[in-house]
There are 2 protein chains.
Amino acid sequence: MRLIVARCEVSYTGRLTTRLAESVRLLMIKEDGTFMVWSDSGGQSVKPLNWMTPPTVVELTDGLVVVRKRAGRSEDRLEIRLLEVLSDVTHDMGEAAGLEKDGVERDLQLLLADDPTHVEAGLRLVKREWPTDVGPVDLMCRAEDDGWVAVEIKRVGTIDAVEQLSRYLDCIRADPSRAGCRGILAAQQLKPQAVALAEQRGIGTACVDLAVLRGEREPELTLFAV
Amino acid sequence: MRLIVARCEVSYTGRLTTRLAESVRLLMIKEDGTFMVWSDSGGQSVKPLNWMTPPTVVELTDGLVVVRKRAGRSEDRLEIRLLEVLSDVTHDMGEAAGLEKDGVERDLQLLLADDPTHVEAGLRLVKREWPTDVGPVDLMCRAEDDGWVAVEIKRVGTIDAVEQLSRYLDCIRADPSRAGCRGILAAQQLKPQAVALAEQRGIGTACVDLAVLRGEREPELTLFAV
DNA sequence: ACTTAGATTTCGCCG
DNA sequence: CGGCGAAGTCTAAGT
């Protein structure tokens, strides 16, 4: 990885056109060809001002950096005019170990499949990823009274999720044996509008806590965790 | 901006939980408190492995960096165990000039409002952002035969855009005087599925070129164009 | 190869 | 402050 701190001007032409007036910025060039321009305190804190994803061609000649990339029939071009280089270092970082994630929607689905009672008391799983004509429902369950219950799981429950579950329910209820199927939207966070629309459509909502789910999963470990 | 290159282990707990095994990485700390962890060639090239947006509290004590942030009732926490610091430099970048963008959807809309004939020959603008119950239509126009035409503008025309325009048309046509209103989806790039669905629903499509729009903006140039 | 859906999406506008 | 839509979204999975 090469890190250049320099007073510079930047212009980009590609899908859109942008310009950056003279200022001190960080140019970050990764081994894989990724190129980024960073300011210390721009508007969007975790996003580079300009960037180009691999595959790129980087040319550094006489106070001018040109980063190019073929984009369909045209070309993406990032041009940096270097007015003063304050620092220019390169570090070999070797092979990086990948990021292990835990707690995304997939995990939420698995945990709730493991124990659907967190969605509604008495719920029993029939099948995960139950297929319908318009896509798979996350969980198909039976309620305490043996009635069918379709569960859609999201990390954030929005109005779109209610629409999605509604489409599934239309399909599911087309089968007379499941005409009485209920629907529940389960999410870590439920938007008020989603709750309102769900209520309007007779769809239930359940707010689930990942920590609680996890705590119930390995009861013996919770004693030592955190 | 502080740039630390170090062999380190990273763990994050917050909305989800992640772990990074020992490896050499770049720690980037911006003046505004933004904290990022970068590898040289991770999977997602233009996105940090871990990050935290301001406001953050950064503690660097004895081979351990702890970045904390209040997140609702809970706390986001990023912990970096430093095993070997290879470099640690700080640069003052002063005030950065902002990024000037040109060529996003907004610009496309303004250019087409200026000259709707690029959507369809003979089209005349009646109003930009014409209100309906389900949101504003980008352009409301009259065709050469004086018939109403609603235009939805996207940078990339997807199936969603066709759905959106369909909803608008339902509302617009509810008024008997505009029952015959046509719809056109105008985009820089049209997805084949969007074209298919549009055709199915009797909605027109128009592929517009930003460069051509821009070139035709000066009337004297039109004489030589095409 | 293309399409669909998730993301610690982020970010900006507008109420 | 919350909801909604755009983004140079990106990325990964399934078909």
Side-chain angles (χ1 to χ4, degrees), chain A residues 12-18 34-37 42-54 67 69 71-72 74-78 98-99 101-109 129 131 134-136 138 152-161 164 187-197 210, chain B residues 12-18 34-37 42-53 67 69 71-72 74 76-78 98-99 101-109 129 134-136 138 152-156 158-161 164 187-189 191-194 196-197 210:
Chain A
Y12 165 73
T13 53
R15 302 195 212 184
L16 80 161
T17 304
T18 69
T34 305
F35 194 102
M36 287 175 271
V37 180
Q44 314 158 22
S45 72
V46 87
K47 200 181 162 190
L49 292 161
N50 284 108
W51 70 92
M52 205 174 290
T53 51
V67 189
K69 180 184 185 178
S74 183
E75 187 190 61
D76 272 25
R77 190 187 185 87
L78 191 54
L99 184 68
K101 289 187 184 184
D102 182 21
V104 290
E105 185 181 307
R106 180 88 191 158
D107 300 299
L108 200 61
Q109 192 190 117
E129 301 282 351
V134 289
D138 288 331
E152 177 63 30
I153 300 167
K154 295 284 176 197
R155 208 176 58 76
V156 181
T158 64
I159 214 161
D160 288 341
Q164 192 182 345
Q188 275 188 272
Q189 191 201 329
L190 283 162
K191 297 284 179 186
Q193 285 208 348
V195 176
L197 182 63
L210 195 69
Chain B
Y12 165 73
T13 53
R15 300 195 216 180
L16 78 162
T17 305
T18 69
T34 306
F35 193 101
M36 287 174 272
V37 180
Q44 312 159 22
S45 72
V46 87
K47 202 177 162 192
L49 292 162
N50 285 106
W51 71 92
M52 205 174 290
T53 51
V67 188
K69 180 184 184 178
S74 184
D76 272 24
R77 189 187 187 86
L78 192 53
L99 184 69
K101 287 189 186 184
D102 182 23
V104 289
E105 183 181 305
R106 182 89 190 153
D107 300 300
L108 198 62
Q109 192 189 117
E129 302 283 349
V134 290
D138 288 331
E152 177 62 30
I153 300 168
K154 295 286 176 196
R155 208 177 54 76
V156 180
T158 64
I159 215 159
D160 287 342
Q164 192 182 344
Q188 275 188 272
Q189 190 201 328
K191 296 284 179 186
Q193 284 206 346
L197 182 63
L210 194 69

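Naming: A, B, ... by sequence-line order, numbering from 1 per chain. Computed from a predicted model, the values in this text were never measured in an experiment.
- Between C:dT8 and D:dG5, the two P atoms lie 22 Å apart (nearest whole Å).
- Distance CZ (A:Arg106) to C1' (D:dT11): 16 Å, rounded to an integer number of Å.
- Atom CZ of B:Arg15 and atom C1' of C:dT10 are 10 Å apart (whole Å).
- Looking at heavy-atom distances under 4.0 Å, B:Asp76 makes no contact with the nucleic acid at all.
- Residues A:Ser45 and B:Met36 approach most closely at O-CE, 4.0 Å, considering heavy atoms.
- One can place CD of A:Glu152 at 10 Å from P of C:dA5, the figure rounded to the nearest angstrom.
- For the pair B:Leu210 CG and D:dG8 P, the interatomic distance rounds to 13 Å; values are reported in whole Å.
- In this structure, of D:dT11, C:dT8, D:dC10, it is D:dT11 that holds the atom nearest to the side chain of B:Ser45.
- Side-chain proximity of B:Glu105 to D:dG8, D:dA6, C:dA7: nearest is D:dA6.
- For D:dA7 and C:dA7, the C1' atoms lie 13 Å apart once the distance is rounded to whole Å.
- Both A:Ile153 and B:Thr53 lie near DNA chain C, and the one whose nearest nucleotide falls closer to the 5' end is A:Ile153.
- Rounded to an integer number of Å, the gap from CG of A:Leu108 to P of C:dA7 is 10 Å.
- Contact of the A:Thr34 side chain with the A:Pro54 side chain is registered, since non-hydrogen atoms from C-beta on lie closer than 4.5 Å.
- Shown here for A:Glu152 and A:Ala161, the closest heavy-atom pair between the two residues is CG-O, 4.4 Å.
- Results of the side chain to side chain contact (heavy atoms under 4.5 Å, CB included) test with B:Lys154 over B:Gln188, B:Lys191, B:Gln189, B:Gln164 single out B:Gln164 as the only residue that passes.
- The two residues A:Asp138 and A:Gln109 come nearest to each other via the heavy atoms OD1-NE2, 3.2 Å.
- For the pair A:Lys154 NZ and C:dG6 C1', the interatomic distance rounds to 8 Å; values are reported in whole Å.
- Summarising the geometry of A:Asp102 relative to B:Leu16, their closest heavy-atom pair is O-CB, 3.3 Å, with the distance given to 0.1 Å.
- Across every non-hydrogen atom of B:Leu78 and B:Asn50, the tightest pair is CD1-CB, 3.7 Å.
- When distances run from any side-chain atom of A:Tyr12 to the nucleotides C:dT8, C:dC11, D:dG8, the shortest one goes to D:dG8.
- Helical stems in DNA chain D, defined as runs of 3 or more consecutive Watson-Crick or G-U wobble pairs with both donor-acceptor distances under 3.5 Å, are listed by first residue as C:1-7 with D:9-15, C:9-15 with D:1-7.
- In terms of heavy atoms, A:Ala187 sits closest to A:Val156 at CB-C, 4.3 Å.
- Looking at B:Lys69, its side chain does come within 3.5 Å of a backbone N or O of B:Thr53 through a donor-acceptor pair.
- If you take CG on B:Leu210 and CG on B:Asp107, they are separated by 7.5 Å, rounding to the nearest 0.5 Å.
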Can you tabulate the close N/O pairs, meaning under 3.5 Å, that link protein atoms to atoms of nucleotides 1-3 of chain D?
{"unit_1": "D:dG3", "atom_1": "O3'", "unit_2": "A:Gln193", "atom_2": "OE1", "d": "3.3"}

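- The nearest whole Å value for the distance from the CD atom in A:Gln188 to the P atom in C:dT8 is 12 Å.
- Using a 4.0 Å heavy-atom criterion, one finds that A:Met52 contacts the bases of the nucleic acid, with or without backbone contacts as well.
- Distances shown here put every side-chain N or O of B:Lys47 at or beyond 4.0 Å from the OP1 or OP2 atom of C:dA7.
- For A:Val104, the listed nucleotide lying nearest its side chain is C:dA7; candidates were C:dA7, D:dA7, D:dC10.
- Look at CD1 on B:Ile159: it is 10 Å from C1' on C:dT3, rounded to the nearest Å.
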